[in-house]
Amino acid sequence: MVKAYLRYEPALTFGVIASPESNVCYDPSGRLLLAAALDRLAAWDLKRGLPSVSFAPSSSSPSLAVSCIASSPSAAVSSLIASGHADGSIRLWDAETGACEATLHGHRSAASALRFAPSGAVLASGSKDCDVILWDVVAQDGLFRLRGHRDQVTDLVFLDSGKKLVSCSKDKFIRVWDLETQHCLQIVGGHRSEIWSMDVDPSERFLVSGSADPEMRVFRIRQSVQEGEDWSKWDVLKLFGEILRQSKERVATVRFNRNGSLVACQVAGKTADIYRVLDESEAIRKAKRRMHRKKEKASAKSMIAKGNGTVIDPLPASDLQNPAVIVTDVFKLLQVLRASKKICSISFSPGSPPRGCLATLSLSLNNNTLETYSVDSEKVSKMYSIEMHGHRSDIRSVSLNSEDNLLMSTSHNAVKIWNPSTGDCLRTIESGYGLCSAFVGNRFALVGTKSGTLEIIDIASGSLTEVIEAHAGSIRSIVPIPDEDGTAGARGFVTGSADHDVKFWEYQQVQKSDNDSKQLTVTNMRTLKMTEDVLAVSISPLGKHIAVALLDCNVKVYHMDTLKHFLNLYGHKLPVLCMDISSDGALIVTGSADKNLKIWGMDFGDCHRSIFAHSDSVMDVKFVYRTHYIFSVGKDRTVKYWDADKFELLLTLEGHHAEVWCLTISSRGDFIVTGSHDRSIRRWDRTEEQLFIEEEKEKRLEETFEADLDNDNEYRYGQKDDAPEEGSVGVPGRKTKETVTSADAIMDALDTAEEELKRLNQHKQEEQNNGTAAKFQPNVIMQGQSPSDYVLNVVSSIRPNDLEQALLALPFSDALKLMSYLKEWSMVPSKVELVCRVCLVLLQTHHNQLTTTPAARSVLTELKDILYSRVKECKDTIGFNLAAMDHIKELLAMRSDAPFRDAKTKLMEIRQELSKRSDRPDGNEKSKKKKKKSSGES
């Protein structure tokens with residue numbers, strides 16, 4: 001009988017506040033800060049310091065790192081958030097519920113820039129594949145692809161109410177695109193290095209771009225054109241000047257605040273320069289002052305020259321009266337923000353700033369922290385900081401207490417206690433660089449550090465009670481000594497260190513006189529001297545044997561009571577980094593830097609099997625309690641589940657984005673917890689779903705095949721269009737597993753419908769010939785639908801983003817069959833748009849064959865007459881509805897004091913005013929005084 005196992009699936013991820021690879025931005029409401037946490041997003045409430053909404057992908061979707069984020073404008077109809085991922089896909093999220101609305105596939109490599117149009121209905125995305133794609137957010141479909149850049153697209157901005165798009169790239173050029181004609185209007189050069197970011201102020205006066213050059217470039221945007229002149233004949237961007245930057249490091253992000261009075265330039269370091277943007281009147285006054293100073297200097301020079309007998313031409317009077325405004329008259333350095341760590345991204349708050357401040361600036365740091373600063377004319381002061389919910393660096397060890405309700409993780413400067421069920425951080429205790437840890441009951445914990453000290457932590461008070469100089473080298477292992485009944489840690493523990501010592505410790509409790517509380521202390525009872533650095537220590541469940549892994553690639557097993565040598569396990573080619581003994585004491589498994597797992601017998605020390613387990617070093621390995629099942633983690637970012645009796649791989653769990661350093665398993669084996677270099681802690685739960693070894697092998701083969709399928713043939717041996725045609729336009733989508741599946745579904749539906757039609761015709765002929773015939777039995781697969789309706793439902797069920805690529809994959813014979821149904825479908829009012837889209841794609845793809853095929857002529861002739869009239873009817877209906885809505889709007893505007901079109905703006909202003917009054921304690925008293933005063937005057 002085939003043996004069945006229970007599947008483990010990802011359940012919870014916590015410990016990451018902000019990923020350094022992605023930017024941060026505010027949500028459409030302007031109240032919450034969006035930050036990427038590896039493969040998910042979180043909307044943080046800065047005042048409370050807690051995540052308000054979590055945007056997590058489904059467990060079935062692959063774990064793909066978020067590379068960029070954008071939120072729809074506050075004036076948009078729907079509140080959406082877009083996230084770009086490492087595989088080039090773009091996900092659209094509902095900002096209020098956190099649900100994934102759609103997944104858009106178009107880019108062939110990681111998305112690097114996202115920007116919503118002012119209306120919020122169009123999304124522009126740039127990628128490392130050098131392309132820019134425009135997406136229809138409402139229809140969840142690609143519009144077109146813009147090609148022209150020769151390197152990664154780094155930033156995007158919309159101009160002229162979304163009619164034009166500006167893109168910058170690492171190819172040192174800025175391109176201006178006309179979205180109505182879909183061609184490149186202007187190519188702007190001048191930068192001497194890669195352009196990393198740009199932004200435009202809300203009034204569209206200036207565009208500022210930053211690169212690795214010592215200065216930022218400022219462009220004026222042409223906003224008005226004289227009558228009779230074509231926009232394309234004029235440059236959209238004109239160089240205004242250059243601003244010398246304060247830092248020598250490259251620019252990472254350039255952003256304007258909500259009213260355009262400030263612009264921040266964040267560099268790839270610890271600083272961000274904040275500039276004041278003066279309006280036209282202030283800039284003219286500053287230019288006049290500059291010219292006045294210049295005039296004074298010129299007059300002083302002329303007086304000196306007159307004394308020497310020479311003549312200097314005076315400044316023209318026109319320059320003094322109407323001085324030319326230069327870039328330094330408009331942009332003035334206001335403040336330099338200096339953070340404690342390297343800044344990854346910045347974002348201005350779109351909401352109203354606090355009283356007395358010019359703006360609120362939020363930033364993410366590369367140490368897993370979010371900070372918010374208030375900017376005023378005198379200083380930059382920190383307002384909020386979110387850092388409690390994660391470690392500042394990678395996680396080196398995790399351990400569970402005996403009841404599995406507390407989780408401890410260690411890092412380079414802190415120990416954190418978590419609730420493993422919810423992922424909430426309960427305690428944060430400052431410590432040394434913890435490499436290993438263990439619980440002592442539910443009240444105390446032990447941490448072994450890189451410096452060789454042993455730290456004792458009181459969990460209840462969240463304090464470090466004692467630091468013991470235990471070893472001269474780093475402590476690599478802390479293992480509790482089980483009691484005779486198998487209770488772990490009842491008697492003491494063992495530490496292994498790089499100073500060649502294995503030390504045995506016993507617990508002692510000391511009564512403190514100040515608060516009569518008992519504190520834990522430890523005493524060294526025995527020491528086992530080794531010849532090499534100790535890398536790992538493991539003790540058998542009943543405490544009979546102790547295994548010690550050394551730097552010379554050997555594992556030595558000793559008797560616990562006498563410390564006499566029992567076994568020597570050798571065979572690894574590189575040092576053993578981890579090991580564990582099964583609960584019945586029969587097996588010991590060792591994981592090494594040579595990427596192998598070796599399973600040994602504890603009776604004679606014979607190697608049962610050597611398994612090539614990971615594609616990089618094996619960092620930790622554990623047995624599931626009372627089984628011979630093994631979990632192993634490695635530097636290849638995977639968690640693997642093994643059967644040590646059959647020596648078979650059962651399951652591969654993928655989710656971490658960097659090396660996995662450690663793991664721990666619950667006492668019942670119902671969940672495991674892993675810690676990684678990506679600063680995340682992941683919990684994997686055992687489910688009731690069964691898995692079988694043969695099925696998992698087939699799945700792995702299918703995944704390998706599908707991975708090859710993802711690499712399109714034209715890109716398999718290198719990209720063919722390294723130098724794309726200047727300003728060309730392409731198809732937005734790309735071939736994926738979903739599009740191939742959709743094409744197969746259409747072909748199956750066409751074949752099923754064709755067979756059903758043949759059966760119907762055959763039944764009618766029999767009925768005519770015989771007069772009576774048996775009752776027709778329809779195909780069960782079609783669920784009582786007609787052949788035409790069945791094919792229509794299959795085509796309608798395909799996602800709009802995948803439909804075009806699915807139709808491109810159809811052969812000509814199936815395309816001809818599909819076109820024969822379009823006439824009948826066009827009679828359904830709600831499907832006219834779908835029919836037009838299908839017809840257009842098939843005509844563009846198979847034009848030559850359709851024009852030379854006699855059978856297709858009748859179909860095309862009928863469609864020509866029908867589609868025009870049906871589309872005209874739809875346009876008339878839409879026009880009638882728009883006119884009716886305009887009429888209703890006018891009626892409502894006549895009845896109300898405020899225009900209907902400004903209702904949303906007025907509502908937002910009222911809400912902001914109410915929030916300000918609620919924040920001010922004396923707001924209600926002032927309003928009451930105003931009311932009394934107004935009533936008295938009346």
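None of these values were measured; they are calculated from a predicted model.
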Nearest-0.5 Å distance that lies between atom [atom1] in [X] and atom [atom2] in [Y]:
X	Y	atom1	atom2	result
Ser79	Asp94	OG	CG	7.5 Å
Tyr821	Asp789	OH	CG	10.5 Å
Leu237	Gln186	CG	CD	5.0 Å
Ser72	Ile81	OG	CD1	7.5 Å
Phe144	Trp177	CZ	CH2	10.0 Å
Leu134	Ser125	CG	OG	8.0 Å

Main chain of [Y], side chain of [X]: is a donor-acceptor contact present, judged purely on distance under 3.5 Å?
X	Y	value
Ser67	Ser112	no
Asn779	Met782	no
Glu21	Val66	no
Ser71	Tyr26	yes
Thr845	Val841	yes
Ser826	Lys823	yes
Asp178	Leu185	no
Asp129	His107	no
Arg150	Asp171	no
Ser169	Gln152	yes

Counterpart residues, salt bridge (charged side-chain N to carboxylate O under 4.0 Å, His left out), relative to Asp87 (two or more places apart):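 Asp87 satisfies salt bridge (charged side-chain N to carboxylate O under 4.0 Å, His left out) with no other residue.
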
pair Phe55-Cys100: side-chain heavy atoms closer than 4.5 Å: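 A side-chain contact is absent here, since even the closest heavy-atom pair is not under 4.5 Å.
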
Side-chain heavy atoms of Ser83 within contact of Ile90, under 4.5 Å: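 Not touching, per the 4.5 Å side-chain cut-off.
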
Summary of side-chain hydrogen bond (donor to acceptor under 3.5 Å, both in side chains) pairs that have at least one residue in residues 847-873, sequence neighbours excluded: Arg870-Glu873, Lys872-Asp876

Any pair counted as side-chain hydrogen bond (donor to acceptor under 3.5 Å, both in side chains), so long as it reaches residues 810-819, sequence neighbours left out: Glu754-Lys817

side-chain hydrogen bond (donor to acceptor under 3.5 Å, both in side chains) between Asn801 and Gln140, intermediate numbers included: CA-CA 6 Å; Asn801 184 42; Gln140 300 176 1; over 6 Å; no

Salt bridge present between Arg115 and Asp199 (N-O < 4.0 angstrom):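 Yes, charged N to carboxylate O under 4.0 Å.
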
Charged N-O contact under 4.0 Å between Arg759 and Glu756: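 Yes.
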
So with a 6.0 Å cut-off around [atom1] of [X], is the heavy-atom count from everything else above 12?
X	atom1	value
Ile781	CD1	no
Lys170	NZ	yes
Lys831	NZ	yes

For Phe173, the option from Asp151, Val188, Ile187 that meets side-chain contact (heavy atoms from CB on, under 4.5 Å):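 For Phe173, the side-chain contact (heavy atoms from CB on, under 4.5 Å) test succeeds with only one of Asp151, Val188, Ile187, which is Ile187.
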
Test log, rule side chain to side chain contact (heavy atoms under 4.5 Å, CB included), inputs Leu64 and Ser89: CA-CA 9 Å; Leu64 299 168; Ser89 64; 4.3 Å; yes

Val828 and Val835: CA distance, side-chain angles, deciding distance, side chain to side chain contact (heavy atoms under 4.5 Å, CB included) verdict: CA-CA 10 Å; Val828 183; Val835 170; over 6 Å; no

Salt bridge (Lys or Arg N to Asp or Glu O under 4.0 Å) between Asp141 and Arg837, worked out: CA-CA 12 Å; Asp141 183 29; Arg837 191 176 172 203; 2.8 Å; yes

